[in-house]
Structure formats: structure tokens, C-alpha cells
Enquirer: 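Pasting a structure below so you can have a look.
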Protein chains: 2
Amino acid sequence: MKTMTLLCLGIALLVVSGLLINTSRAEKGTSERLRHVVLFKFKADATPSQIDHLVKEFQKLPSRIPEIKEFEWGTDSSPEGKNKGFTHCFLVTFADEAGRDAYLPHPAHKEFVAQLRPLLEDVTVVDYWAKK
Amino acid sequence: MKTMTLLCLGIALLVVSGLLINTSRAEKGTSERLRHVVLFKFKADATPSQIDHLVKEFQKLPSRIPEIKEFEWGTDSSPEGKNKGFTHCFLVTFADEAGRDAYLPHPAHKEFVAQLRPLLEDVTVVDYWAKK
């Protein structure tokens with residue numbers, strides 16, 4: 001009986017410390033994200049299916065480039081009319097500059113850019129360390 | 001002895017289901033974020049202390065406008081030279097369009113924009129629903 005009680009306490013302690021570690025990691029993570037914001041404006045003759053294909057190719061990069069820690073994207077729906085023709089936004093997150101610097105010349109990234117370039121009219125890229 | 005074993009199993013089950021619920025919540029959260037990306041290019045005669053002040057004013061908005069669910073910002077550090085003069089990026093997150101539509105005409109936001117405008121050379125805004 002005593003052994004089981006100690007075992008239970010031990011398990012509870014492990015679980016609680018595990019949760020605490022996870023929480024502190026998550027909080028730390030938030031303040032240590034290098035964001036890579038990419039805006040695309042496609043050429044007028046780029047077809048919807050070509051654009052779809054490019055988005056799918058971009059979506060494959062996180063599984064090909066382990067330095068990508070988070071990835072999300074979407075199409076502009078701002079009512080403000082200040083998107084300057086940029087219709088697609090991608091938010092790629094790295095742990096640090098080394099991650100970003102591994103991503104930029106990565107063969108999978110270069111392959112994607114080679115497919116993208118003929119259809120792209122304009123691009124804006126801003127990287128920043130996420131602060132609160 | 002048997003009771004303690006059952007108790008241990010019960011606790012383990014509760015913990016695991018708790019973790020699963022948390023994970024699914026986090027995943028759901030990610031797919032239900034309306035992002036509002038704002039890029040600023042300041043006028044050449046805007047001083048660093050004026051810019052600092054504006055950033056601090058923007059940082060106050062999450063506590064003034066409850067519709068802002070997440071807020072982060074940073075200054076451009078991209079080595080690619082595609083930032084088009086935009087030096088500051090703000091990522092404001094809403095739960096839905098109603099949140100964004102409450103933010104845009106909110107008195108605290110308008111007050112901030114009134115302070116910002118004389119120092120701003122250019123702005124780009126893109127909103128998107130975050131998809132994976």
C-alpha cells in the first residue's frame with residue numbers, strides 16, 4: 001500500500017513537472033521566434049490552378065526543411081485597400097537566424113522559387129524577432 | 001492495493017485526456033486566427049524617439065481593445081533586401097472578422113493612427129485567415 005502511494009505521488013510529480021516544463025517552453029518559444037513574412041503579388045496571366053499549385057509547393061517546405069518551426073498562410077481579406085496588390089501572405093517561423101540562413105539557400109526552397117519566379121509580379125519580405 | 005492501482009490508472013487516464021483536449025484546442029486555435037499584418041515605413045525625418053513612442057502606443061492597444069487576441073511586432077532583419085523600405089512589422093490577431101471590424105474604427109486605434117500618420121511614409125496591410 002505504501003509503495004503504491006509513493007508510486008502515485010511519483011507519477012503525479014512527474015506529470016506536474018512535465019506540464020511546467022512544457023508551459024515554460026511555450027512561453028519562451030513565443031519570445032524567441034524569428035518570423036519571415038512573405039507577400040506575393042502574382043502576374044495578371046497567372047491562372048488560379050498555377051497559383052494553387054505554387055501554394056501547395058510552398059506548403060510542402062516545412063516537411064522538407066526541418067528548420068521551419070511553424071508555417072501558415074492565407075489570402076488577403078483586408079477591407080482597408082492597403083494590400084498594394086499583394087494577395088498571398090506566408091508566415092514562416094524559425095528558431096533563430098541559423099534556421100533562416102539554412103532555409104534561404106536550401107535546395108527545396110530554391111526549387112520552389114524557380115517554379116514561383118515566372119508567375120510572380122512582386123514580392124515583399126520582412127523578417128523580425130517577435131516581441132510582445 | 002487493487003484500489004490504489006485503479007486510482008493510479010484513473011489519474012493517468014485523466015492526465016492523458018487532459019493533454020489530448022489541450023492539444024486539439026491549440027490546433028483548432030491555429031486554424032481560427034484572423035491575422036492582420038501591418039508594415040510601416042517611416043518618413044526620413046521621423047526621429048528614433050518618435051518611432052519608439054509610436055511603437056509603445058501600438059503596444060498599448062491590446063489592453064485597450066479586447067478584440068485583439070494576440071499581438072507581436074519587430075523590426076526588419078531580413079538579409080534579402082526585399083522589404084521595400086518597410087522597417088516595422090506588426091502582427092495583430094483577431095478571433096474573427098467581427099473582432100477586426102471592431103478594431104479598425106475603435107477610438108483607441110483611431111487615436112493611435114492620428115499620432116502615426118504625420119510620421120508615416122508608407123503602409124502595407126494584409127489580413128488573412130491562418131491556414132497550415
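Here is how names work: the chains are called A, B, and so on, in the same order as the sequence lines, proteins then strands, and each is numbered from 1.
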Enquirer: Can you name the nearest heavy-atom pair linking B:Val126 to A:Phe86, along with the distance?
Expert: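 Shortest heavy-atom separation between B:Val126 and A:Phe86 comes out as CG2-O, 4.2 Å.
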Enquirer: Is there a continuous path of hydrophobic side-chain contacts, each under 4.5 Å between heavy atoms, that joins B:Val113 to B:Leu91?
Expert: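 Result: no, two separate clusters.
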Enquirer: Which answer fits A:His88, side chain, backbone, both or neither, if we ask what part of it has an atom under 4.5 Å from a heavy atom of chain B?
Expert: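 When you check distances to chain B, no heavy atom of A:His88 falls under 4.5 Å.
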Enquirer: Could you state the interatomic distance from NZ (B:Lys84) to NZ (A:Lys84), rounded to the nearest 0.5 Å?
Expert: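 Here the interatomic distance stands at 11.0 Å.
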Enquirer: Please report the interatomic distance CG(A:Leu104) to CD(B:Glu80), rounded to the nearest 0.5 Å.
Expert: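 Interatomic distance, A:Leu104 CG to B:Glu80 CD, rounded to 0.5 Å: 4.5 Å.
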Enquirer: With chain B, which of A:Leu34, A:Asp122, A:Val38 has the greatest number of heavy-atom pairs at distances under 4.5 Å?
Expert: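 Between A:Leu34, A:Asp122, A:Val38, the count favours A:Asp122.
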Enquirer: Spell out, as yes or no, whether a donor-acceptor pair under 3.5 Å connects the side chain of A:Asp76 to the backbone of B:Asp127.
Expert: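 At least one qualifying donor-acceptor pair exists.
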Enquirer: Do A:Arg100 and B:Pro79 touch side chain to side chain, with heavy atoms closer than 4.5 Å?
Expert: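 When only atoms from C-beta onward are counted, B:Pro79 and A:Arg100 do touch, with a gap below 4.5 Å.
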Enquirer: Could you give the distance from CZ (A:Arg35) to CD (B:Glu72), rounded to the nearest 0.5 Å?
Expert: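 With rounding to 0.5 Å, CZ (A:Arg35) is 4.0 Å from CD (B:Glu72).
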Enquirer: According to a 4.5 Å side-chain heavy-atom criterion applied to Ile, Leu, Val, Met, Phe, Trp and Tyr, with indirect links allowed, do B:Tyr103 and B:Val55 form part of one hydrophobic cluster?
Expert: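 The answer is yes; both residues are in one hydrophobic cluster.
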Enquirer: Search all heavy atoms of B:Gly74 against all heavy atoms of A:Lys131 and return the closest pair with its distance.
Expert: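 So the minimum-distance heavy-atom pair works out to CA-CE, 4.1 Å.
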Enquirer: Could you tell me whether the side chain of A:Val37 reaches within less than 4.5 Å of the side chain of B:Ser78, counting heavy atoms only?
Expert: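 A side-chain contact under 4.5 Å is absent here.
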Enquirer: Say whether A:Val92 and A:Phe40 are linked into one hydrophobic cluster, either directly or through other cluster members, by side-chain heavy-atom distances under 4.5 angstrom.
Expert: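 A:Val92 clusters together with A:Phe40.
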Enquirer: Please report the interatomic distance CG(B:Leu39) to NZ(A:Lys82), rounded to the nearest 0.5 Å.
Expert: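 Reported value, rounded in 0.5 Å steps: 12.5 Å.
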Enquirer: In terms of hydrophobic clustering (I, L, V, M, F, W, Y; side-chain heavy atoms under 4.5 Å; direct or indirect links), are A:Val125 and A:Phe71 co-clustered?
Expert: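 As far as the 4.5 Å side-chain criterion goes, A:Phe71 and A:Val125 are connected within one cluster.
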Enquirer: Provide the closest heavy-atom pair for A:Lys132 versus B:Trp73 in the form atom of the first, atom of the second, distance.
Expert: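 Looks like O-NE1, 3.6 Å.
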Enquirer: Using the rule that two of Ile, Leu, Val, Met, Phe, Trp, Tyr join whenever any of their side-chain heavy atoms come within less than 4.5 Å, decide whether B:Phe42 and B:Phe112 are in one cluster.
Expert: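 Yes, B:Phe42 and B:Phe112 fall within the same hydrophobic cluster.
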